[in-house]
Structure formats: C-alpha cells, structure tokens
Amino acid sequence: MGTIAAVLGDITRQQVDIIVTAANESLLGGGGVDGAIHRAAGPELAEAGARLAPCLPGRAVATPAFDLAPVRHVIHTVGPVWEDGEQGEDDVLVSCYVESLLLAEELEAGSIAFPAIATGIYGFPAERAAHIAAMTVRSLPIIDEIRLVAFDEQTHALLRDALAEPVEEWCPTCGEKAIPLLFGRPVEEARQAADAGSVALGGCLLPEDGTEPRWQCPRQHRWGESRRDQRRSQVALHDAIAVTLGEDHGRSVP
Ligand code: ADP
C-alpha cells in the first residue's frame, strides 16, 4: 500500500526521487516554485530544459536534478493559465499530474513531490486545484510515495481536506452520480457496502464481451475499462468500504 500525503514545506528540501516543477513552456526557469527549484538545482537545469523546450501545457518532461541530488530527476510540467475555468483549465491540470506520474513510473521512481501546480502566478483557484490534485493522484497511485507539497498553511489545509474526500464519478451518458462496480465473489465488507448502496455488485461472472466495467449509475449505465478508471474505482471502493465500516480511511490507497 502506497502513501499520498499533504506536506507543508519547501519542495526543494524534500528527500524524494523526483521533484516536479511548475514550469513555463520555455523550461528556462521562472518565478515562484520553478525559480526556487532552478536556484537549488543550479544553472545546468535551465540548459537541460532548453534542449527539451517548448513543453506545452499539460505535458511533462524530465531532466536530471543536478545539484538537488540525491533527488534524481526534475519533472517539468506546464500548468494552465487560469482564464475563466471554461477554457479546459481543469483538464490541463489533470494532465499535468497524470503525465508527471506516468513519466515518474517510467523512471522507476519510488517517491515524488508535487507543488500546487498553477496556483501561483498562473492564477488557478486554490481550492479547485487542491481538489483536482488530490483526486488525480488518488486515481493513479502508481508511485509508492506521493507528496503534495504546500508552501503555505492555507494550501496545506485545502490539500488535506481534498485528500480525505471520497472519490466521486459521474456517468458519462446521463450525468448521474456513479458508484464503483464490483465483479466476482464479494468479500463481506463489500457486501455490506453494497447493502448500504455505495457499491454495486456486478455478479460472479465477468461480462462475456471481455470488458470489465468499473462504474455504474442509477440508470444502470456501466463504463470504465481504462487503467485509470480501474484504479479510480478501486480507490472509490476502498473509500466506500471504509465509510460503511466507519473506519478512518485516511489518505492511504489500496
Ligand atoms: P504557477 O506559475 O504554476 O502558478 P507558482 O510557482 O507561481 O506556479 O506557484 C505554484 C505554487 O507553488 C504556489 O502555491 C506557490 O505558493 C508554491 N511555491 C512557491 N515556492 C515554493 C517552494 N519553494 N516549495 C513549494 N511550493 C512553492
């Protein structure tokens, strides 16, 4: 079981394999957290970044971490510049976390630290960003230790609250709220969660068409075969069982 934690502090002081920076497209270094990371890593970071630039919003690239060693890599991701929330800003922010995690997995990282991407100069509202950060990393916990690093108390509190929220999903067909769908013989805890209406039981037999949907809405629509959907529904199932049993499910993930 991995851990996902909200941490208050300076990201350049984190003892992790990978530090993520909230870069701009040039990857030459900027203000805010990116400036702090470039100062700590030394001038070679900008030289390495320049060779990979431009990096588009929502994408991520990796360089060595230079003077930040024993940190091994810096992942540079470019957040969305906030306009009004209707220009795909949420999707770009989700993509920053997803692309960074996938890249970190390729680099065989055991631990990674993220700043609150886009919430400074780029102007993304802090609470909405905390919610997206928490939900996205919880739906893709492919790195053993994930730290969401806040530089101020308020962001720290927002991240902690967001990490404690149950995972939510809505039906792509009708927009109704969904619950995780479980195939196979359910354990007793899952049966109790199903009785409480927070989990749907799909039956012991897997669908014959080879698909294994992971979500169901009240109108019986079923969906979700991607790896991310699967992980997300596992986390939701874990939440539903913990809530049903009255456990403090904290921020660990299955
Ligand atoms: P963006 O341009 O993506 O908005 P910023 O660097 O302006 O990026 O801000 C992103 C977040 O990083 C803000 O919440 C800011 O407070 C935080 N931050 C700034 N310096 C550090 C640091 N040294 N460690 C961790 N977080 C930091």
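Quick note: numbers below take in every heavy atom, side chains included, and nothing from hydrogens, waters or symmetry partners. Just so you know, ligand 1 is whichever comes first in the structure, and atom 1 is the first atom listed for that ligand.
- Put simply, CH2 on Trp223 and CG on Leu181 are 9.5 Å apart, with the number rounded to the nearest 0.5 Å.
- Asn24 approaches Asp34 most closely through the heavy-atom pair N-OD2, 4.2 Å.
- Atom 23 (N) of ligand 1 has its closest protein heavy atom at Asp10 OD1, 2.9 Å.
- Between the Ser139 side chain and the Thr136 main chain, a donor and an acceptor come within less than 3.5 Å of each other.
- Geometrically, ligand 1 and Val149 share no nitrogen or oxygen pair separated by less than 3.5 Å.
- The ligand atoms of ligand 1 that sit less than 4.0 angstrom from a heavy atom of Ala36 are 23 (N).
- Between atom CG of residue Leu101 and atom SG of residue Cys96 there is a gap of 11.0 Å, rounded to the nearest 0.5 Å.
- For a threshold of 3.5 Å applied to N or O pairs, the pair formed by Tyr122 and ligand 1 contains at least one separation below that value.
- Within the 4.0 Å heavy-atom cutoff, Ala118 counts among the residues contacting ligand 1.
- Here the heavy atom of the protein found nearest to atom 6 (O) of ligand 1 is Val33 N, 2.7 Å.
- Residue Glu127 holds its CD atom at 5.5 Å from CG of Leu158, rounded to the nearest 0.5 Å.
- The number of heavy atoms from other shown groups lying within 6.0 Å of CD (Glu176) is above 12.
- Among all protein heavy atoms, the one lying closest to atom 11 (C) of ligand 1 is Ala116 O, 3.3 Å.
- Distances between N or O atoms of Ile121 and those of ligand 1 include at least one value under 3.5 Å.
- Atom 19 (C) of ligand 1 is approached by the protein to below 4.0 angstrom, counting heavy atoms only.
- Considering each of Ala23, Gly120, Gly30, Gly9, the one bringing a non-hydrogen atom nearest atom 5 (P) of ligand 1 is Gly120.
- Of all protein heavy atoms, the one closest to atom 14 (O) of ligand 1 is Thr119 OG1, 2.9 Å.
- Note: no N/O pair closer than 3.5 Å links Ala22 and ligand 1 by distance alone.
- Rounded to the nearest 0.5 Å, atoms OG1 (Thr3) and CD1 (Ile143) are 11.5 Å apart.
- Atom 25 (C) of ligand 1 has its closest protein heavy atom at Ile11 N, 3.5 Å.
- Residue, atom and distance of the protein heavy atom nearest to atom 16 (O) of ligand 1 are Phe151 CB, 3.8 Å.
- Checked by atom type and distance alone, the side chain of Thr211 never pairs as donor or acceptor with a backbone atom of Pro213 at under 3.5 Å.
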side-chain contact (heavy atoms from CB on, under 4.5 Å) between Ile11 and Gln14, worked out = CA-CA 5 Å; Ile11 200 165; Gln14 303 297 311; 4.2 Å; yes
